[in-house]
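One structure below.
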Amino acid sequence: MKQEVIEIIQEIEKRRNRRHGLQHFQSYMDSIGNPEKGLQCIHVAGTNGKGSTTNYIRSMLQCAGYIVGTFTSPYLITHLDRIRINDQNIDEDEFLQLCNQYYDSWIQWDLGMFEIDMMLACVYFKKQQVDFAVFEVGLGGRLDATNIIEPCISLITNIGMDHMDVLGDTYEKIAYEKAGIIKDEVDVITTETKKECLDVFLKQANLHHANMKQVKIPSCMDYEHGIHFQYQEYDIHLHSNAVYQIANASLALETILQLKKKNIIKIEEQCILNGLLQAEWKGRFEIVQQNPLVIIDGAHNPDGIRALCDSLQGYRNIAVLFSALKDKKFEEMIDILETITKDLTITHFENSRSMDLSVLQKREHVKIIEDYHKALEEMLKKDKTIVITGSLYFISEIRKYWY
């Protein structure tokens, strides 16, 4: 019997990469009564934007009066924020009770951290009788632990060159893994634009007799006071200043429209507009300080960095603090960041996968400060727009300075 939440979380987080496969996890879920069955699920895959898209869907449904569970990763503030209902973390006592209830079974079946969290989310959502459960894929899709669900609709945000050691080294290979979430006769919606990826999606959709819809991403009409764009007949305002959120919000909106069309939900236009406006996703183009202006953004791969730089085009006199994991294309990300500023500081954070700074010693425009606390102190002395970006694990640590 575990007495403390921190104790059980530490134990769960040590249980990584068990590599028993999806069928093993499905068999485990069978053994505990399939808590995932009976949930009305929405499945969200893709390289970037999954969390934001999930949050926009949650916010619109919640505005319409539905009870919405969300399962996302990684966490930003606490491990508990991976499992939420109506944007509220699972209660510590509830989490501890569920962990104690299922602890022996996950030890017996040798589950990994993500599988444990996925199981707990399903049990919790079913116990709380949520109206909808939105599941963000952890890695890939085809073999991801979330792929045990039977969704009413499937989404794929986009395809980027990330996790290539696991998912493959071409767009087509990665697209195939993401398209693994497509189920028989379940609609799939995407904001992807690359033909080679769309061809893969369409082939899988046809094999599963599933309708596929490509969302055309609208142009931004105004971003002086938050993002403003038009989607079909909807005049959309977002709280965010990140242009890349247009794609995520459009995908979420199209999802809601498809569910409404199929009479799965009832929702008024004002709930759609309010839901999109009220949704905030921490750690994504989040303004944490005004003087100097500080923006934090968990752009953790080259596509994410490009999207961040696009959103920074209206800003001048930028200084960037960056850190990443060593298994990411961090040198390519630095190259992209150098297109918007020469004031670039690279730092290290406490994580076994944090990048090796020694390989950057010869970079001309890069300042290296090993201790990220000292690096942050130096950044905040600048009379500039401060942008802090990179690994979500790094963003989670750096955000503690303000919250």
Side-chain angles (χ1 to χ4, degrees), residues 5 9 39-44 46 48-96 98 117-118 120-138 146 149 151-153 155 157 226-227 236-242 245 248-253 255-256 259 264-268 270-288 296-298 392 395-396 399-400 402-403:
V5 169
I9 287 176
L39 292 173
Q40 184 109 271
C41 299
I42 298 169
H43 208 181
V44 185
N48 293 308
K50 298 187 297 292
S52 296
T53 301
T54 295
N55 192 46
Y56 283 126
I57 292 169
R58 186 275 311 163
S59 187
M60 284 184 280
L61 288 174
Q62 189 177 335
C63 277
Y66 293 103
I67 301 170
V68 189
T70 53
F71 178 67
T72 58
S73 60
Y75 71 83
L76 185 65
I77 301 167
T78 165
H79 194 98
L80 302 181
D81 69 36
R82 298 160 70 100
I83 303 171
R84 277 173 283 186
I85 292 179
N86 283 3
D87 211 27
Q88 297 298 311
N89 297 352
I90 183 172
D91 177 75
E92 285 192 2
D93 291 338
E94 179 80 15
F95 183 80
L96 187 61
L98 291 177
D117 286 337
M118 176 62 183
L120 292 172
C122 292
V123 172
Y124 179 55
F125 295 159
K126 192 162 190 176
K127 182 178 179 181
Q128 298 298 321
Q129 297 182 316
V130 300
D131 297 309
F132 288 92
V134 191
F135 289 92
E136 176 192 341
V137 168
T146 61
I149 64 172
C152 59
I153 197 163
L155 319 180
T157 59
I227 296 297
I236 306 299
H237 289 263
L238 302 181
H239 184 78
S240 174
N241 282 326
Q245 293 292 20
N248 301 323
S250 297
L251 180 57
L253 174 53
T255 302
I256 293 297
L259 294 177
I264 295 174
I265 63 170
K266 294 181 179 179
I267 188 169
E268 300 297 329
Q270 201 56 49
C271 288
I272 289 173
L273 300 180
N274 289 344
L276 289 171
L277 179 61
Q278 293 168 10
E280 295 184 51
W281 194 233
K282 295 178 176 65
R284 293 299 195 280
F285 215 86
E286 182 183 8
I287 296 174
V288 294
I296 61 174
D297 191 283
L392 284 165
I395 293 301
S396 178
R399 200 174 177 276
K400 294 175 183 176
W402 289 277
Y403 300 103

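- Partner of Gln245 under the side chain to side chain donor-acceptor pair (under 3.5 Å) criterion, chosen from Ser250, Ser240, Ser52: Ser52.
- The two residues Phe125 and Ile83 make their nearest non-hydrogen contact at CE2-CG2, 4.0 Å.
- The salt bridge (charged side-chain N to carboxylate O under 4.0 Å, His left out) test applied to Glu268 returns no partner, not counting sequence neighbours.
- A heavy-atom distance below 4.5 Å is not found between the side chains of Tyr56 and Leu253.
- Under a 3.5 Å cut-off, the side chain of Glu286 and the backbone N or O of Gly283 do form a donor-acceptor pair.
- Inter-residue side-chain proximity for Gln128 and Ile67 is flagged as unmet; no heavy-atom pair is nearer than 4.5 Å.
- Judged purely by distance below 3.5 Å, without hydrogens or angles, the side chains of Asn274 and Gln278 never pair a donor atom with an acceptor atom.
- When side chains are defined from C-beta on, Val288 counts as touching Tyr403, because their heavy atoms get closer than 4.5 Å.
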- Task: Begin from the C-alpha positions of Leu155 and Ile57 and carry the test side chain to side chain contact (heavy atoms under 4.5 Å, CB included) through to its verdict.
- Result: CA-CA 11 Å; Leu155 319 180; Ile57 292 169; 3.5 Å; yes

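- At a threshold of 4.5 Å between non-hydrogen side-chain atoms, the residues Phe95 and Ile9 count as touching.
- We find the SG-CG distance between Cys271 and Leu276 to be 11.0 Å, quoted to the nearest 0.5 Å.
- Between Ile265 atom CD1 and Leu61 atom CG the span is 5.5 Å, to the nearest 0.5 Å.
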- Task: Evaluate the criterion side chain to side chain contact (heavy atoms under 4.5 Å, CB included) for residue pair Leu273 and Ile236; output intermediate values, then yes/no.
- Result: CA-CA 6 Å; Leu273 300 180; Ile236 306 299; 3.7 Å; yes

- Query: Passes side chain to side chain contact (heavy atoms under 4.5 Å, CB included), Tyr124 versus Val130? Steps please.
  - Reply: CA-CA 9 Å; Tyr124 179 55; Val130 300; over 6 Å; no

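- Lys266 pairs by the salt bridge (charged side-chain N to carboxylate O under 4.0 Å, His left out) definition with nothing, not counting sequence neighbours.
- At a threshold of 4.5 Å between non-hydrogen side-chain atoms, the residues Thr157 and Asn48 do not count as touching.
- Within 6.0 Å of NZ on Lys126 lie more than 12 heavy atoms contributed by other residues, nucleotides or ligands.
- Proximity of Phe71 to Thr54: side-chain heavy atoms (C-beta onward) are nowhere separated by under 4.5 Å.
- Using modelled atom types, no side-chain atom of Asn89 and backbone atom of Arg84 make a donor-acceptor pair closer than 3.5 Å.
- Interatomic distance, CD1 of Ile264 versus CG of Asp131, reported as 13.0 Å (0.5 Å rounding).
- Atom NZ of Lys50 is separated from atom CG of Leu251 by 12.0 Å, given to the nearest 0.5 angstrom.
- From Tyr66, atom OH reaches atom CD of Gln40 across 9.0 Å, with rounding to the nearest 0.5 Å.
- The two residues Gly275 and Ser59 make their nearest non-hydrogen contact at O-OG, 2.7 Å.
- With respect to Ile90, the side chain to side chain contact (heavy atoms under 4.5 Å, CB included) criterion is satisfied by exactly one of Asp81, Leu98, Leu96: Leu98.
- Side-chain atoms of Asn248 never come within 3.5 Å of backbone atoms of Thr53 as a donor-acceptor pair (strictly under, hydrogens ignored).
- For the pair Glu92/Leu80, a side-chain contact is recorded, criterion being any heavy-atom separation below 4.5 Å from C-beta on.
- To the nearest 0.5 Å, atom CD1 of residue Ile149 and atom NE2 of residue His43 are 4.0 Å apart.
- With Arg284 as reference, Leu392 is the one residue of Leu76, Asn55, Leu392 to meet the side chain to side chain contact (heavy atoms under 4.5 Å, CB included) rule.
- Side-chain N or O atoms of Thr72 include none that pairs as donor or acceptor with a backbone N or O of Glu136 at under 3.5 Å.
- Side-chain contact between Met118 and Cys122: present, with at least one pair of heavy atoms (C-beta onward) separated by less than 4.5 Å.
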- After noting the C-alpha distance and the side-chain angles of Asp117 and Tyr75, does the key distance pass the side chain to side chain contact (heavy atoms under 4.5 Å, CB included) rule? CA-CA 11 Å; Asp117 286 337; Tyr75 71 83; over 6 Å; no

